[in-house]
Amino acid sequence: MKTTLRTHTCGELNASHIGETVTLCGWIQKIRKLGGMTFIDLRDRYGITQLAFNEETNPELCRQIEPFGREWVIQVTGRVEERYSKNKNIPTGDIEILSEKITVLNESLTPPFTIEDESDGGDELRMKYRYLDLRRNPVKNNLLFRHKLGIAIRNYMNNIGFVEIETPMLVNSTPEGARDFVVPSRLSHGEFYALPQSPQTFKQLLMVSGFDRYFQIVKCFRDEDLRADRQPEFTQIDCEMSFVTQEDILQTFEGLIKYIFKEIKGIDIEPIERITWHDAMKYYGSDKPDARFGMRFVELNKVLQHKDFKVFNEAELVVGIVAKGCAHYSRKQLDELTNFVKRPQVGATGLVYVQCQEDGHFKSSVDKFYDQNDLQAVAKECGAEAGDLILIMAGPRMKTQTQLCQLRLEMGSRLGLRKAGEYKLLWVVDFPLLEWDEETQRYYAMHHPFTAPKPEHEDMLESNPGAVNANAYDLVINGTEVGGGSIRIHDKELQKRMFKALGFTEEEAQKQFGFLMNAFQYGAPPHGGLAFGFDRMCSVLCDADTIRDFIAFPKNNAARDVMLGAPTPISDAQLKELGLK
RNA sequence: GGGCCGGUAGUUCAGUUUGGUUAGAAUACAUGCCUGUCACGCAUGGGGUCGCGAGUUCGAGCCUCGUCCGGCCCGCCA
């Protein structure tokens, strides 16, 4: 790291350098004045080195550093000395620089928050001064982690023959999927480009072109509301392969994931378990189950729909989970859980519990309707033992599954079952091809309109579209959807039928996706692929809750860049030029 | 579009339940002392439109209404 201005970095000097004269550059982390003795911690990307100043031996230098403050940028030359009192906590703790010459490269205002691992600054302030925040180790290390992960992925993909190809950022808007970010055209007034939600169609065209193994680490844009794990611009590891079946794709990318865990985390992962979408919904109430813990759903319709309890009898689904060892929960704790599911975010009307007491008795919130034998049957069905707590919800199937899923995750968290550092990976397979939307009274593609139906279900595309499964799959890690993909339609006729099932007229389909269907007339190979969320992959591997920590300059909740102040109005002249005024 | 939480010193927060004298703490900053610190220590000091607006009241950081900003979530995200 030697340059004209420095001989070493602030992280590399140790006892072996004692006696050498060195020049360092960096930021002042901290100044400690002890009267005749002054110490400065000098920081750069690589670490911290202590500079020592002695009033007796070098009074002029001590006078020079008098006005120095935090975050000033200085260049220092001096001799590497062994310390009187060593600091075991840092790699450079055995030595210090007995300074001889100091140059101020730049002064600094006092930063609005402390540049330390545990900063005193809140999120908002740190975002506004993100360039200062990035000086802090935790954030800096996240970006270094991201870099390392990116390099590992590129290496692996290159080694197995994948070619990285860039695709355009100015594309056209399509009605399907997420809202588009649009860019007005100056040369064609009244017309707009869209920023890509993903390079989906381009990678399929690249398959037609014969690049049978393509990938790209690429920015994608979606104009939807944000979350801790959703940013309007985010990065995908976008991949596509030709002459493959679903099995080839799952195997290929299981290899990549295995390599990443080994290379980055030093973990040998088990072969990735597969679960059908149907089973994921049935047992976890979610298409992205956190499988670090069991607490699987047990359907209780048969066991509970024979008494006078209307709520259960009229429900499409009665379903429960077992919280191990929670029979002792107090009234207050049970009320808390009830309130949890009644919150508008969950939206349940109530929660039924059965306590399997140590003495073999059962106590429940529905004792009025069910006797000990009934409750014993429930416990047996659920596999609950003495000391366990059974939590039961009822209602419309999908809604109830989703609600119980949230309760399951809540219980998992309360019981410490969602352990950091433990990774449970799942391939969720056999997604439905289409999803019915009540509001618009039509089917939507669950994945996207280019996803191939399972060949054995193709016949039902017209007769029973809702029952058709797709050759589509998601990779789920600890309850986070980290990636997903599908085998694509490569046949023009099948693609036409798909558009028809989605309610497109032939003209609409031709207008929007004609380029793709035209391309399919020139020898499209069978192909498929997937895309991983790069930001999410970083956060999941680091057990972080938010992807923002892994993005150098992220947007806030309202999709604003608080540092830039973006978005901003533009001038009338610009609007005019774009034909918007 | 909706739900919940927050906004008080440069910063992080307490104070709001029960309205009442001069709004506190820590840290940062400044000054002085200190020759082995590394979360240095000690002393002193400056620093506040209590997000903004309206209302209730003799009196509002505290109560009411509105509004803006931030965070988490639901909807949304093929």
Side-chain angles (χ1 to χ4, degrees), chain A residues 29-42 48-57 62 66-67 69-71 81-90 92-93 96 98 109-129 132 174-180 197-198 200-201 220-232 234 339-340 342-347 399 402-403 406 409-410 431-435 437 439 442-451 470 472 481 484-486 498 502 531 533 545-546 548 556-558 560 562:
Chain A
Q29 173 76 26
K30 189 126 210 177
I31 303 173
R32 290 181 293 277
K33 290 181 179 159
L34 286 83
M37 203 75 203
T38 298
F39 299 103
I40 291 180
D41 285 342
L42 192 67
I48 283 181
T49 299
Q50 175 167 287
L51 315 178
F53 301 85
N54 195 319
E55 176 68 37
E56 229 163 65
T57 57
C62 286
E66 194 68 23
R70 282 163 50 203
E71 302 304 313
E81 301 267 316
E82 184 171 8
R83 287 202 202 180
Y84 287 116
S85 50
K86 299 184 171 44
N87 183 349
K88 296 286 171 221
N89 298 321
I90 56 173
T92 62
E96 65 193 4
L98 188 59
L109 296 174
T110 301
F113 51 86
T114 56
I115 312 295
E116 283 161 7
D117 290 6
E118 297 287 333
S119 173
D120 64 1
D123 291 348
E124 196 181 347
L125 197 70
R126 292 194 291 109
M127 284 307 160
K128 188 170 174 193
Y129 297 92
L132 297 180
T174 55
E176 296 287 295
R179 237 173 253 119
D180 286 315
Q197 297 177 24
S198 88
Q200 181 60 37
T201 47
C220 301
F221 305 86
R222 290 175 193 178
D223 188 8
E224 296 293 344
D225 285 1
L226 289 82
R227 292 284 189 280
D229 64 349
R230 262 163 41 189
Q231 284 272 301
F234 62 101
N339 288 335
F340 174 84
K342 280 183 166 175
R343 283 160 55 235
Q345 280 89 337
V346 181
K399 204 172 151 192
T402 309
Q403 290 166 347
Q406 295 189 61
L409 292 175
E410 171 69 15
F431 275 74
L433 182 71
L434 302 164
E435 212 175 4
D437 180 61
E439 203 179 314
R442 57 161 276 207
Y443 281 103
Y444 281 86
M446 195 147 182
H447 193 57
H448 58 56
F450 318 111
T451 298
E481 180 195 330
S486 62
M498 179 69 178
L502 291 171
D545 296 325
T546 163
R548 287 178 205 178
N556 78 359
N557 242 7
R560 301 195 70 91
V562 292

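The chains referred to below are lettered A, B, ... by the order of the sequence lines, with proteins before strands, and numbering in each begins at 1.
Considering only side-chain atoms of Lys30(A), the nucleotide from G70(B), A28(B), G36(B) that sits closest is A28(B). Of the candidates G75(B), G36(B), C29(B), the closest approach to any side-chain atom of Asp225(A) belongs to G75(B). You'll find that the side chain of Ser85(A) is closest to C38(B), out of C38(B), A39(B), G71(B). Between G71(B), C38(B), G36(B), one nucleotide has an atom nearer to the side chain of Asp41(A) than all others, and that is C38(B). In this structure, of G70(B), C40(B), C77(B), it is C77(B) that holds the atom nearest to the side chain of Arg230(A).
Pairing for C58(B) is with G20(B), a Watson-Crick or G-U wobble pair whose two hydrogen-bonding atom distances lie under 3.5 Å. With a cut-off of 3.5 Å on both Watson-Crick or G-U wobble distances, the partner of G47(B) is given as none. Taking a pair to require two hydrogen-bonding distances under 3.5 Å in either a Watson-Crick or a G-U wobble arrangement, C4(B) pairs with G71(B). Across every strand in view, C42(B) sits in a pair with G32(B) that passes the Watson-Crick or G-U test at under 3.5 angstrom.
Partner of Asp41(A) under the side chain to side chain donor-acceptor pair (under 3.5 Å) criterion, out of Gln29(A), Arg32(A), Lys30(A): Arg32(A) alone.
The residue Pro112(A) sits close only to the backbone: its heavy atoms come under 4.0 Å of sugar-phosphate atoms, none of a base. At a threshold of 4.0 angstrom between heavy atoms, the contacts of Glu481(A) with the nucleic acid are absent. When heavy atoms are screened at a 4.0 angstrom cut-off, Lys128(A) is found touching no nucleic acid atom at all. Among the heavy atoms of the strands lying under 4.0 Å from Tyr84(A) is at least one base atom, whether or not backbone atoms are also near.
Glu71(A) places no side-chain N or O within 3.5 Å of a backbone atom of Thr110(A) that could act as its donor or acceptor partner. In this structure, Lys33(A) contributes its side chain and Glu66(A) its backbone to a donor-acceptor pair below 3.5 Å. Without hydrogens or angle criteria, Thr49(A) side chain to Leu42(A) main chain gives no donor-acceptor distance under 3.5 Å. The main-chain N or O of Gly347(A) is found under 3.5 Å from a side-chain atom of Gln403(A) such that the two form a donor-acceptor pair. When atom types are taken as modelled, the side chain of Thr546(A) and the backbone of Arg548(A) share a donor-acceptor pair closer than 3.5 angstrom.
Remark: C1' of C73(B) and CZ of Phe340(A) are 10 Å apart, rounded to the nearest angstrom. Taking atom CG of residue Leu98(A) and atom C1' of nucleotide G36(B), one finds them 13 Å apart after rounding to whole Å. In this structure, CZ of Arg126(A) is placed 12 Å from C1' of G71(B), rounded to the nearest angstrom. One atom, OH of Tyr129(A), and another, P of G10(B), lie 12 Å apart when rounded to the nearest Å. When the P atom of C74(B) is taken as reference, atom CG of Leu409(A) falls 11 Å away, rounded to whole Å. Distance Glu124(A) CD to G51(B) P: 14 Å, rounded to the nearest Å. In this structure, Gln29(A) places its CD atom 15 Å from C1' of C40(B), rounding to the nearest Å. Rounded to a whole Å, the CG atom of Leu226(A) is 14 Å from the C1' atom of G75(B).
For the OP1/OP2 pair of U37(B) and a distance below 4.0 Å, the side-chain nitrogens and oxygens of Arg83(A) include no atom meeting the criterion. An OP1 or OP2 oxygen of G70(B) is reached within less than 4.0 angstrom by no side-chain nitrogen or oxygen of Asn557(A). A sub-4.0 Å separation between OP1 or OP2 of C72(B) and a side-chain N or O of Arg548(A) is present.
Atom C1' of C38(B) sits at a distance of 49 Å from the matching atom of C77(B), rounded to the whole Å. Look at the P atom in both A60(B) and A43(B): the space between them is 38 Å, to the nearest Å. Nucleotides G48(B) and G24(B) have their C1' atoms positioned 11 Å apart, rounded to a whole Å. Between C5(B) and U49(B), the distance separating the two C1' atoms is 25 Å to the nearest Å. Look at the C1' atom in both G19(B) and A25(B): the space between them is 23 Å, to the nearest Å. Comparing C40(B) with C33(B), their C1' atoms sit 14 Å apart, to the nearest whole Å. Rounded to the nearest Å, the gap between the C1' atom of C68(B) and that of A30(B) is 35 Å. Rounded to whole Å, the separation between the P atoms of U37(B) and G46(B) comes to 32 Å.
With the nearest nucleotide of RNA chain B identified for both Thr402(A) and Arg222(A), Thr402(A) has the one nearer the 5' end.
Few gaps surround CG on Asp437(A); more than 12 heavy atoms of other groups in view lie less than 6.0 Å from it.
Residue Val562(A) comes nearest to Met127(A) through the heavy atom pair CG2-CB, 3.5 Å, listed as atom of the first residue, atom of the second, then distance. Closest of all the heavy-atom pairs between Phe113(A) and Gly121(A) is CB-CA, 3.6 Å. Of all non-hydrogen atoms in Phe234(A) and Gln197(A), the two that sit nearest each other are CZ-O, 4.3 Å. Heavy-atom minimum distance, Ser198(A) versus Cys220(A): CA-SG, 3.8 Å.
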Within the sub-3.5 Å range, which N or O atoms of nucleotides 32-35 of chain B have a protein N or O partner, and how far apart are they?
{"from": "C34(B)", "atom 1": "N3", "to": "Lys33(A)", "atom 2": "O", "distance (Å)": "3.2"}
{"from": "C34(B)", "atom 1": "N3", "to": "Gly35(A)", "atom 2": "N", "distance (Å)": "3.3"}
{"from": "U35(B)", "atom 1": "OP2", "to": "Gly36(A)", "atom 2": "N", "distance (Å)": "3.1"}
{"from": "U35(B)", "atom 1": "O4", "to": "Glu56(A)", "atom 2": "OE1", "distance (Å)": "3.4"}
{"from": "U35(B)", "atom 1": "O4", "to": "Glu56(A)", "atom 2": "OE2", "distance (Å)": "2.5"}

With the criterion being N/O to N/O and under 3.5 Å, what pairs connect the protein with nucleotides 12-15 of chain B, and how long is each?
{"from": "U12(B)", "atom 1": "OP1", "to": "Gly122(A)", "atom 2": "N", "distance (Å)": "3.3"}
{"from": "U12(B)", "atom 1": "O4'", "to": "Asp120(A)", "atom 2": "O", "distance (Å)": "3.0"}

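Under the 4.5 Å side-chain criterion, counting only non-hydrogen atoms from C-beta, Glu124(A) is not in contact with Asn556(A).
The base of G75(B) lies outside donor-acceptor range of the side chain of Gln345(A), with no N or O pair under 3.5 Å. Judged by distance alone, with hydrogens and angles left aside, Arg227(A) brings a side-chain donor or acceptor within reach of the base of G75(B), the pair sitting under 3.5 Å.
Remark: Tyr443(A) engages Trp436(A) in a ring-ring contact (aromatic ring centres under 6.0 Å, His included) (not counting sequence neighbours).
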